[in-house]
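Predicted model only: the values in this text are computed from it and were never measured. What's counted below: heavy atoms across the whole structure, side chains too, no hydrogens, waters or symmetry copies.
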Amino acid sequence: MAETQLPRDLPHPLRTQKSPHRAAVQSIHSLDAFVFTVPDLDEAARFYEAFGLEPKREGDRLDLYTVGHPHAWGSLYQAPAGGVKQLQYLRFACFAEDFDAIAARIVRLGVPRCAPHPLAHESDNDSSKGHSLWVVHPDGFPVQIVVAAKSAPDAGSAPVVAPRPPVGMGASPNRARIPKVHPRRLSHILLFSAKVPEAVRFFEDALGLRVTDRSGDLIVFMHGVHGSDHHLVAMARSNGPGLHHLSWDVANLDEVGRGMEQMYAAGHVRGWGVGRHVLGSNYFNYVRDPWGSYSEYSCDMDFVPGDFDWPSADHPPEDSFYAWGPKVPEDFVTNFEVQAEVQAEIPAQAQAQAQTPAKG
């Protein structure tokens, strides 16, 4: 069977203007890009190609695309000799009419400014156009705010339901005929943070994100007010900054499982899943990358429309980490970007849940 590909053309162009119901709200609308360094770009290209993305080399960097989508979701660069994987900076996008208000708010709040990151694209670094602003995240890494089209979706990604086969024919193809899984878009990023309360205030007060759900300061999920998945950015408590995982939206639960098998076949057998989260409600499978962080196949996540104010809540971690799934790996929330003796906290409550039978 020929491999099934998504259409190359988007059904709708990326939005560049605000909706009327958020006219009075000045906020970023998308995580425009993540940037981190890795010890081996060739190894990174092999990993993400096996995962189902479209990695493209552009000079000294590796840009990550999804099939059929024009947006480059992030970029990877070669780490210095002997270096490790490390988050370098994040780029967030806003609508043109919001930029000046966000910039003024950053000044009023006293958020520290910084010089452009040395790895930033020159085209995104031209502050003379008034559309690029660099600030320092509470955990110490740079954050850039730019004017760009909205890459975060305006509606939730509906699961694709395969048609039922004729009576007498099995619904599942043979393993040799199963097509490759290709994620549709980036869903969210989860960061390690040693300063979760300060990071929440930064994203809320300076950038305009809102808390969707949380478990105290152990983990916090934040969405964009112009419409985004349940979380556009999430933060987990650690002893330093870092990247825990990138989450990629796929068509259905079958693709989550097929993605797991796809990565098994490519030699990437460490991870966690298949399971279902409580906060966000998405089905998941996490695949550990060669540097200790993860890429997640995710489907059917809760969505926060741009005209809806989600009722934020604080949930007990032992009852809200995941609804079902295999035992959590012991090093699942280890931050390999900090020194070996400064490891991230492994939530005892989440680990305890792995030993607790689900309630009927």
Side-chain angles (χ1 to χ4, degrees), residues 31-66 71-92 114-125 134-144 146 186 188-195 199 233-236 238-248 263 266-271 286-296 329 331-344:
L31 171 61
D32 198 57
F34 52 83
V35 177
F36 61 99
T37 48
V38 294
D40 188 335
L41 273 186
D42 291 333
E43 185 177 37
R46 290 191 294 270
F47 175 84
Y48 289 111
E49 194 283 328
F51 191 82
L53 304 183
E54 285 192 332
K56 298 180 181 179
R57 288 293 288 261
E58 294 288 343
D60 61 349
R61 73 177 192 267
L62 183 73
D63 292 338
L64 298 183
Y65 291 83
T66 48
H71 189 71
W73 302 104
S75 298
L76 285 66
Y77 288 82
Q78 179 73 43
V84 297
K85 186 216 78 177
Q86 187 171 30
L87 176 67
Q88 295 295 325
Y89 72 92
L90 299 176
R91 185 171 73 237
F92 291 92
C114 65
H117 194 285
L119 296 178
H121 304 181
E122 289 185 8
S123 60
D124 294 325
N125 226 5
W134 287 87
V135 297
V136 181
H137 184 277
D139 278 297
F141 61 84
V143 169
Q144 185 185 21
V146 299
L186 180 71
H188 62 267
I189 186 171
L190 191 147
L191 305 170
F192 287 117
S193 175
K195 300 179 178 181
V233 175
M235 289 155 290
S238 177
N239 286 341
L243 168 64
H244 179 269
H245 75 261
L246 305 168
S247 179
W248 304 91
M263 294 305 280
H268 300 285
V269 299
R270 298 187 67 180
Y286 294 86
V287 182
R288 183 162 165 166
D289 65 29
W291 320 286
S293 50
Y294 295 85
S295 277
E296 177 191 21
D331 62 353
F332 183 67
V333 286
T334 298
N335 184 356
F336 291 101
E337 293 185 41
V338 298
Q339 295 179 355
E341 65 272 17
V342 187
Q343 296 295 352

Does the [X] side chain pair with the main chain of [Y], one donor and one acceptor, at a distance under 3.5 Å?
X	Y	result
Thr334	Phe336	no
Asp139	Ala194	yes
Gln86	Gly242	no
Tyr89	Val35	no
Asn335	Pro241	yes

Nearest-0.5 Å distance that lies between atom [atom1] in [X] and atom [atom2] in [Y]:
X	Y	atom1	atom2	value
His268	Ser295	NE2	OG	10.0 Å
Glu296	His244	CD	NE2	9.5 Å
His245	His188	NE2	NE2	3.0 Å
Ser247	Tyr294	OG	OH	14.5 Å
Trp291	Leu243	CH2	CG	10.0 Å
Leu90	Ile189	CG	CD1	5.0 Å

Side-chain contact test, heavy atoms from C-beta onward, threshold under 4.5 Å: evaluate it for [X] versus [Y] and give yes or no.
X	Y	result
Leu62	Lys56	no
Leu186	Leu31	yes
Asp63	His71	no
Thr66	Trp248	yes
Phe34	Leu64	yes
Tyr77	Phe36	no

*Are Lys85 and Asp40 within salt-bridge range, i.e. N to O under 4.0 Å?*
no

_Salt bridge check, Asp289 against Arg270: does any charged N sit closer than 4.0 Å to a carboxylate O?_
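No, Arg270 and Asp289 are not salt-bridged.
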
*asked:* Checking Ala33 now: which residues fulfil side chain to side chain contact (heavy atoms under 4.5 Å, CB included) with it, not counting sequence neighbours?
replied: Arg91

_Val136: partners by side chain to side chain contact (heavy atoms under 4.5 Å, CB included), with sequence neighbours left out_ =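 In terms of side chain to side chain contact (heavy atoms under 4.5 Å, CB included), with neighbours along the sequence ignored, Val136 is linked to Pro112, Cys114.
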
*asked:* Ignoring hydrogens and geometry beyond distance, is a side-chain donor-acceptor pair present between Gln88 and Thr37 at under 3.5 Å?
replied: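 The criterion, which ignores hydrogens and geometry beyond distance, is satisfied for Thr37 and Gln88.
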
*If you take all heavy atoms of Pro142 and His117, which pair is closest and at what distance?*
CG-CD2, 3.9 Å

*Please report the closest heavy-atom contact between Ala120 and Trp134, naming both atoms and the distance.*
CB-CZ2, 3.6 Å

Compile the donor-acceptor pairs under 3.5 Å between side chains in residues 41-53 and protein atoms, sequence neighbours left out, one pair per line.
unit_1, atom_1, unit_2, atom_2, d
Asp42, OD1, Arg57, NH1, 3.1
Glu49, OE2, Lys180, NZ, 2.8

